[in-house]
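FYI, side chains are in, hydrogens and waters are out, and symmetry mates aren't considered; it's all heavy atoms of this structure. Residue numbers start at 1 and run along the sequence shown.
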Amino acid sequence: MQQTLWTEIYRPQTIDDCILPDDLKKTFKKFVETNDIPNMLLCGKPGMGKTTIAKALCNELNCDTIIINGSEERGIDVLRNKIKSYASTVSMSGGLKIVIIDEADYLTPETQAGLRNFMEEFSKGCRFILTCNFKKKIIPALSESRLTTFEFAIPSSQKTKMAMMLMKRINNILKDEKVESDQKVVAEVIMKFFPDFRKTISEFQRYSTVHGKIDAGLLASIQNIRIKDLVNSLKKKDFTGMRKWVNENLDNSPDDIIRVVFDSLEDVLEPGSIPQAIIHLSEYQYKGSFVADHELNLTAMFVMLMADVVFLK
C-alpha cells in the first residue's frame, strides 16, 4: 500500500540527512567508516529521530535488518520465535545482522532479561539497537552493562541551528507537496513543537490536507484547547461536565492538554495547591506514554485534581 504519511515519505535515508547534534552525527558516521557498531540504546524525547537514525545507520552499513515494535510485541515469545530465528541465521550479504527494537521501554522485564542473553549468544554476527523514551524503564543489566547509551538531547548552543535545519526540511516538503505557506506561521509552529520533529511535520500535513495551505489558521487550531469550561467543571466537582470536556478535546495531543493545564495553574488555583497539582500532572503525563486509553487516563487525572486541589473563587 502506498505510504501517505509525510513522516515516512520524507524520512531521511542517510546520516548526513538526519537532524542531529554534531557530536552524535560524527559518532554515527564513524560507525559507518569502521563498518561495525556496538549494541546501542538510543534514548530521548519522542519525535527526535531515534528510529530514523537507527534505520539510516543500517542503510549505510548495508545490513540485513529486522524491526520489532516493542509496544506491540513486548512479551517473551517475540524473543523465542521472531528474534532468535532471525539472529541465529547467517546474513545474506555476509555482514552483520541488526535487530532494531523500537520503543523498547514497553518490553516486559522478562523479555528484557532474555534479551540480555541473546546479545551474548549472537554477538558474533548480530547487533541490537534499542530505542526508548524512558531510560529508567530499561533494566540496568541492559542499559548499564550491555548497551552503549546515546542520549538524544540538544545542547543549547545548537538549538537555533537545528531549528533552522528543521525549517529548511519542512519548506522542502511543502514545496514538494505544492503547499503554499506563510513563513511566519511555519517558524511559530516549529518553535512550539521543537524538538519533536515528527509532531511538527504531522501538524503541517494535518492542516494542509484540509485547507490546502499553511496560514494563521494552523496556529489557531493548535491553540484550540479551551480551559475555562474545564476549570468550571473541576471547581463544581461536575464529573459529567469534565467528561464532556475531555471527550470534546481528544483531537488534541494529551501532552498538549496537560501543558495547557500546567500553564494555567497559577491563574486558577490557590498557591498552596499548585505543588500537588504539578505532581498529579507529571504522574499522568508519564502514564500517558504507556496507556491504551488516553481518554481514561486524562479523566483519572482530572478526578485527582477535583479531589486534591483548591480553586480560586
Side-chain angles (χ1 to χ4, degrees), residues 43-48 69-72 74 103 105-108 132-137 188-207 210 217-313:
C43 54
K45 294 180 179 179
M48 290 187 65
N69 187 328
S71 64
E72 296 177 356
R74 56 198 304 267
E103 298 185 313
D105 36 354
Y106 283 90
L107 296 176
T108 65
C132 72
N133 297 329
F134 300 100
K135 182 181 176 182
K136 290 184 178 179
K137 296 288 291 183
E188 283 195 51
V189 173
I190 288 172
M191 296 315 298
K192 177 175 177 58
F193 293 115
F194 187 83
D196 190 335
F197 309 145
R198 181 173 58 241
K199 174 69 172 174
T200 307
I201 294 171
S202 296
E203 285 296 321
F204 284 114
Q205 182 175 17
R206 175 188 66 81
Y207 187 82
V210 176
L218 173 54
L219 295 173
S221 70
I222 290 171
Q223 295 165 356
N224 192 27
I225 301 175
R226 304 289 183 241
I227 200 72
K228 185 176 179 180
D229 291 341
L230 171 66
V231 172
N232 287 336
S233 295
L234 297 179
K235 273 186 181 181
K236 299 174 184 176
K237 300 189 185 301
D238 177 6
F239 179 78
T240 301
M242 178 268 287
R243 279 289 311 277
K244 181 174 181 291
W245 187 94
V246 170
N247 185 263
E248 290 174 348
N249 284 273
L250 284 177
D251 287 341
N252 296 290
S253 160
D255 285 343
D256 289 344
I257 291 175
I258 291 173
R259 182 72 211 191
V260 169
V261 174
F262 173 74
D263 289 341
S264 69
L265 292 181
E266 292 184 359
D267 296 326
V268 300
L269 293 185
E270 294 285 352
S273 287
I274 292 175
Q276 185 61 52
I278 291 173
I279 290 172
H280 286 320
L281 295 180
S282 175
E283 176 187 0
Y284 282 90
Q285 184 180 50
Y286 176 77
K287 290 179 178 178
S289 301
F290 306 97
V291 299
D293 190 332
H294 287 291
E295 180 181 5
L296 176 59
N297 192 58
L298 286 170
T299 300
M301 180 184 74
F302 290 132
V303 167
M304 295 299 294
L305 291 178
M306 280 196 293
D308 289 350
V309 303
V310 179
F311 289 86
L312 294 170
K313 294 181 180 179

- Query: Shortest non-hydrogen contact from Ser264 to Ile227?
  - Reply: OG-CG1, 3.9 Å
- Note on the structure: What one should report as the nearest heavy-atom pair of Asp105 and Phe134 is OD2-N, 3.0 Å
- Query: Could you state the interatomic distance from CG (Leu281) to CD1 (Ile274), rounded to the nearest 0.5 Å?
  - Reply: 11.0 Å
- Item | Side-chain heavy atoms of Phe193 within contact of Asp256, under 4.5 Å | yes
For residues 195-202, please give each side-chain donor-acceptor pair under 3.5 Å, one per line with the distance, not counting sequence neighbours.
{"unit_1": "Asp196", "atom_1": "OD1", "unit_2": "Arg198", "atom_2": "N", "d": "3.4"}
{"unit_1": "Asp196", "atom_1": "OD1", "unit_2": "Lys199", "atom_2": "N", "d": "2.9"}
{"unit_1": "Lys199", "atom_1": "NZ", "unit_2": "Glu203", "atom_2": "OE2", "d": "3.0"}
{"unit_1": "Thr200", "atom_1": "OG1", "unit_2": "Asp196", "atom_2": "O", "d": "2.8"}
{"unit_1": "Ser202", "atom_1": "OG", "unit_2": "Arg198", "atom_2": "O", "d": "2.9"}

- When every non-hydrogen atom of Gly241 is compared with those of Ser233, the smallest separation belongs to C-OG, 3.5 Å
Could you list the donor-acceptor pairs under 3.5 angstrom formed by side chains in residues 295-312, with sequence neighbours left out?
{"unit_1": "Glu295", "atom_1": "OE2", "unit_2": "Arg243", "atom_2": "NH2", "d": "3.4"}
{"unit_1": "Asn297", "atom_1": "ND2", "unit_2": "Tyr284", "atom_2": "O", "d": "2.9"}
{"unit_1": "Thr299", "atom_1": "OG1", "unit_2": "Glu295", "atom_2": "O", "d": "2.7"}
{"unit_1": "Asp308", "atom_1": "OD2", "unit_2": "His280", "atom_2": "NE2", "d": "2.8"}

- Decide side-chain contact (heavy atoms from CB on, under 4.5 Å) for Phe262 and Gln285; before the verdict, give the C-alpha distance in whole Å, the side-chain angles of both, and the deciding distance to 0.1 Å. CA-CA 11 Å; Phe262 173 74; Gln285 184 180 50; over 6 Å; no
- Note on the structure: When every non-hydrogen atom of Leu107 is compared with those of Gly70, the smallest separation belongs to CD2-CA, 4.0 Å
- Are Asp255 and Arg259 close enough for a salt bridge, meaning some N to O gap below 4.0 Å? no
- Query: Counting only heavy atoms not in Lys45, do more than 12 fall under 6.0 Å of its NZ?
  - Reply: no
- Query: Hey, does Val268 have a side-chain heavy atom less than 4.5 Å from the side chain of Leu234?
  - Reply: no
- Query: So Leu230 and Val261, side-chain contact (heavy atoms from CB on, under 4.5 Å) or not? Walk me through it.
  - Reply: CA-CA 9 Å; Leu230 171 66; Val261 174; 4.1 Å; yes
- Message: Checking Glu103 now: which residues fulfil salt bridge (Lys or Arg N to Asp or Glu O under 4.0 Å) with it, not counting sequence neighbours?
- Response: none
- Query: About how many Å separate CD of Glu283 and CD1 of Ile278, when rounded to the nearest 0.5 Å?
  - Reply: 14.0 Å
